[in-house]
Participant: 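A single structure is presented below for examination.
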Amino acid sequence: MSATRRAGRAAVVMPLAFAFAYLVLDNPVIAIFASFGSMSTVLFVDFSGTRLERLQAQVSLIVTGLVLISIGTVASGSEWAAAAATLVVAFVILFVGVISSVLASATTALLASFILPVSLPGGMATLPDRLLGWLLAGGASLVAITFLWPAPTREPLRGPTAHACTLLARRLQAGLDCLRNPPDTELTAALIYQAGEASAAVAELRKSFFGTPYRPTGLSTSARTLVRVVDEVIWLNSVLEPHPRLPHPGPAAPYLIDVYSAAAELLDRAADLLDSDDANLSGFAEQVERLRDARLALEQAVTALPPSPSSDDSVIKAFVSSLEPTFRAQEMSFAVAAIAENIELAVAARGRSWWDHLLGRRPAGVASPLSSVRERAGAHVERHSVWLHNSIRGAIGLALAVLVADLTGVQHSFWVVFGTLAVLRSNALSTGQNALRGLAGTVAGIIIGGAVVLAIGSNTTVAWFLLPIAVLLAGLAPAAFSFAAGQAAFTGVLLILFDIISPAGWEIGLIRIEDVAIGSAVSLLVGLLLWPRGASSALQQALAEAYSDSAHYLRQAINYAVTRCDERAANVAVPDEESRVAAAAARRLDDAFRTFLAERGSKRLPLADVATLVTGVAVLRITADAILELWRRGGSPTGNRTAARAELVDATASIVDWYQRTAVALAGAGEVPPPIERDSDANERLVNAVRQDLTGKDGRWTATAVRMLWTADHLDGLRRLQTALVVRPPA
């Protein structure tokens, strides 16, 4: 639908803008920039969001295009200046796409606005005409996106996220029904069914999230906030998925019911708010607080329910077993609260007045756009970043193409650069494949378009009639047929366009073959020289870094936790920096995975296995978040907890070591280690240490004791995750 809408608009706007500039203004320079500007601002982009957001993005594109045309025109006077300017400008345009989907989706249009002036002769004398042509195209594009088949409001993450949250809320409600009633076959079947539906919705959300070559989120406050929810929804499902049936909760049942009830209602309300345009948050904060109170009451109840720790071993084991459903409830409620709070921020940001939008006022707890820009860009200023690699490769390829075109003196040098740009849209491994397909499409377009141009001869009336048809096909062909078909159609548009300006028949076609062949050769050479290994190798490296950094964050989270339970432990600061580093590695993995998905050709590792590895990073990192949140609520440490602290640190060391060795294996050095077997003796040692060190004056378990055991449960969840991660590294 998007391709049809863009193609239809371009088929109307581009010929009209070209006709006005060429026939009415009688200026070929204005005509060229009006035609290419129309294709850039109408065919190459289709911004998402509300109508106002799309108009703002379109105006920004037009203004930025004016700046780039000016820079390109100034630089076009010298071959070396043109190449140097292209290197810098192309890198900036390509790299800043990592900041938001708005910038990423405008990359081709922005590059086109620079490539055309830097590769066309004319100098500063033609600058006013060039700017006028671009403004003419820009004005027409604003009218087109507003009145000509206006796009519906599209927020790629909003609908799938809301749907996944709704089904997860139903899954929680089904579990609640099982808690409230005696064992029942129908209720259990309903719970299993709802669990399957929720997992399918989360899988669909993942598909939507990774379905584009860039993160589907913009720079708006609501969009930046919403993207955090995706990982949290995936983690919530991973918490619930292994346990479709709830064990009998024992004496903690009333408190578990309160937690599940509050969580289900909160998640359902959050999903409704996200899915609708209603920004009424009345009572939402109270629902969040109710869930927190229910979780705190559960924690307090657990410490009041068991008998004295001095009881016999069977009683102790029964108590520890009874902690499992309470731990699941605690873990689940943390995830739901995090999801709800971020959705609350997104909805609050969306519901701001136009004056608050204008002044940049944000809801409390939301970082500024500048902070977000620094965070996202900073995550990719790293030598293994796929986005950084592609940006450097693209910039070098385009700069080299400009230099080669100028030095060889080809007649239409901008075609060389456009040929390079078309090929460099892919990753390095498939560059050769796309070069061949691009050349094949160009040859086909020249044969067909050249035949048409030869047939119509000097009859420009027929050429004017065929121009909108060719533009329509150029917009539809890539989506409806193939990359090569798109190249063929685009070649046809250029042949007809330049035949109208300067009839030359097959001569234009022969020049086009030569120029695009040069551009493709340049881009292929750059791809082979710089990063010939392709997306699979980059994904392996990104996975290795993400697991290593997330495991280190987990270790520091545990180190912080044990200082909250033992006054003799050395003070450890909250690991905010480790959290930031782990999040940055996850962002780089995100982009590497998208590139891997977009890479053509067979993949030796099933996509499901790769997706499991990517999900494992999110689970590892957010588990560390959950452990931090669990211990931040505690008071000041008191007493000597050496034995319990030592058992927890040892358990952590084993888990972290496994993930670190897995990171090394994913980087290509060795095998993924076998999963760690459950050590019942270690668990018993921890329980005994907790029983010895963490009892209150009344001889009962303390809240700190329960947190220690819940922390051990978090670690055990990461141990169980290892079984799913023992797959061959992607290659």
Side-chain angles (χ1 to χ4, degrees), residues 161-205 229 232-272 274 287-288 290-299 301-302 305 320-341 343 615 619 622-623 626 630 706 710 713-714 716-717 720-721:
T161 303
H163 182 60
C165 288
T166 297
L167 292 183
L168 284 167
R170 292 178 186 172
R171 188 248 183 272
L172 291 176
Q173 185 60 50
L176 183 61
D177 292 339
C178 291
L179 274 174
R180 282 175 169 160
N181 298 281
D184 182 274
T185 304
E186 291 185 6
L187 291 177
T188 301
L191 173 58
I192 295 173
Y193 172 77
Q194 291 296 343
E197 290 287 289
S199 295
V202 172
E204 196 61 32
L205 172 60
V229 178
E232 292 162 349
V233 168
I234 292 172
W235 187 64
L236 174 60
N237 188 63
S238 73
V239 167
L240 298 174
E241 199 170 31
H243 310 289
R245 294 180 179 86
L246 291 174
H248 190 269
Y255 302 96
L256 284 171
I257 288 173
D258 286 345
V259 171
Y260 274 88
S261 176
E265 291 177 11
L266 177 60
L267 192 57
D268 193 50
R269 171 81 187 282
D272 287 343
L274 186 61
Q287 287 183 283
V288 174
R290 180 194 163 196
L291 177 58
R292 285 178 178 157
D293 290 343
R295 184 170 57 194
L296 182 59
L298 173 64
E299 181 179 308
V302 170
L305 287 173
V320 173
S321 297
S322 71
L323 282 180
E324 184 181 8
T326 62
F327 165 70
R328 291 185 202 166
Q330 183 272 337
E331 190 179 29
M332 174 276 298
S333 62
F334 166 77
V336 171
I339 291 168
E341 287 167 359
I343 289 178
T615 299
V619 172
I622 299 179
T623 297
L630 177 64
V706 174
W710 279 349
D713 283 332
H714 275 299
D716 193 56
R720 293 194 303 271
L721 175 66

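Sequential numbering from 1 along the given sequence is applied to the chain's residues. None of the values given here were measured: they were computed from a predicted structure.
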Participant: Using the rule given for side chain to side chain contact (heavy atoms under 4.5 Å, CB included), can you reason through Ser238 versus Leu721, listing the C-alpha separation, both sets of side-chain angles and the distance that settles it, and then say yes or no?
Facilitator: CA-CA 10 Å; Ser238 73; Leu721 175 66; over 6 Å; no
Participant: Would you call Asp177 and Leu191 a side-chain contact if the rule is heavy atoms closer than 4.5 Å?
Facilitator: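 SC-SC contact between Asp177 and Leu191 ruled out.
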Participant: List the atom of Asn237, the atom of Ser199, and the distance in Å for their closest heavy-atom pair.
Facilitator: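 That would be OD1-OG, 3.4 Å.
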Participant: Side chains of His163 and Glu204: does their closest heavy-atom pair fall under 4.5 Å?
Facilitator: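 Not touching, per the 4.5 Å side-chain cut-off.
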Participant: Apply the test side chain to side chain contact (heavy atoms under 4.5 Å, CB included) to residues Leu296 and Arg292: give CA-CA distance (whole Å), side-chain angles for both, the deciding distance (0.1 Å), then the verdict.
Facilitator: CA-CA 6 Å; Leu296 182 59; Arg292 285 178 178 157; over 6 Å; no
Participant: CG/Leu267 to CD1/Ile343 distance, rounded to the nearest 0.5 angstrom?
Facilitator: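 Separation between the atoms: 7.0 Å.
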Participant: If I take atom CG from residue Asp272 and atom OG1 from residue Thr166, how far apart are they, to the nearest 0.5 angstrom?
Facilitator: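 That separation rounds to 6.0 Å.
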Participant: Could you check Val619, Thr615, Ile622 and say which one makes a side chain to side chain contact (heavy atoms under 4.5 Å, CB included) with Ile234?
Facilitator: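 Of Val619, Thr615, Ile622, side chain to side chain contact (heavy atoms under 4.5 Å, CB included) with Ile234 is met by Thr615 alone.
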Participant: Can you tell me how far the CG atom of Asp258 sits from the CZ atom of Arg295, to the nearest 0.5 Å?
Facilitator: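 Reported value, rounded in 0.5 Å steps: 14.0 Å.
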Participant: Measure across Leu274 and Ala162 and return the closest heavy-atom pair with its distance rounded to 0.1 Å.
Facilitator: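 The pair with the smallest heavy-atom distance is CD2-N, 3.7 Å.
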Participant: Say you draw a straight line from CD of Gln173 to CG of Leu179; how long is it, rounded to the nearest 0.5 Å?
Facilitator: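 If we round to the nearest 0.5 Å, Gln173:CD and Leu179:CG are 10.5 Å apart.
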Participant: Between CG of Leu187 and CD1 of Ile192, what distance do you get to the nearest 0.5 Å?
Facilitator: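 Between Leu187 CG and Ile192 CD1, I get 11.5 Å after rounding to 0.5 Å.
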Participant: Measure the shortest side-chain to side-chain distance between Val336 and Leu172 over non-hydrogen atoms and say whether it is less than 4.5 angstrom.
Facilitator: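 Of all side-chain heavy-atom pairs linking Leu172 with Val336, at least one is under 4.5 Å.
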Participant: Testing the basics here: between Ala338 and Glu232, what is the closest heavy-atom pair and its distance to 0.1 Å?
Facilitator: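 In this case the closest contact between Ala338 and Glu232 is O-OE1, 3.5 Å.
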Participant: Just say parallel, tilted or perpendicular for the rings of Phe334 and Trp235, cut-offs at 30° and 60°.
Facilitator: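 Perpendicular, since the angle between the ring planes exceeds 60°.
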Participant: Would you say the side-chain atoms of Ser333 pair up with the backbone N or O of Gln330, donor to acceptor, closer than 3.5 Å?
Facilitator: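 Judged by distance alone, yes, a pair lies under 3.5 Å.
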Participant: Under a 4.5 Å cut-off applied to non-hydrogen side-chain atoms, are Glu331 and Trp710 in contact?
Facilitator: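 Not touching, per the 4.5 Å side-chain cut-off.
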Participant: Minimum heavy-atom separation for Ala329 and Val259, please, with both atom names.
Facilitator: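 Heavy-atom minimum between the residues: O-CG1, 3.9 Å.
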Participant: Working to the nearest 0.5 angstrom, can you tell me the gap between Leu266 CG and Ser261 OG?
Facilitator: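 Interatomic distance, Leu266 CG to Ser261 OG, rounded to 0.5 Å: 11.0 Å.
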Participant: So which atom in Ala264 and which in Ala169 form the shortest heavy-atom distance, rounded to 0.1 Å?
Facilitator: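 Closest heavy-atom pair between Ala264 and Ala169: O-CB, 3.8 Å.
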Participant: Short question: side chain of Arg171, backbone of Leu240 - any donor-acceptor pair under 3.5 Å?
Facilitator: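 Checked: pair present.
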Participant: Taking all atoms of both residues into account, what is the closest heavy-atom pair of Ala271 and Cys165, and its distance?
Facilitator: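 In this case the closest contact between Ala271 and Cys165 is CB-CB, 3.7 Å.
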Participant: Looking at side-chain heavy atoms only, is the closest gap between Arg170 and Glu197 below 4.5 Å?
Facilitator: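 Of all side-chain heavy-atom pairs linking Glu197 with Arg170, none is under 4.5 Å.
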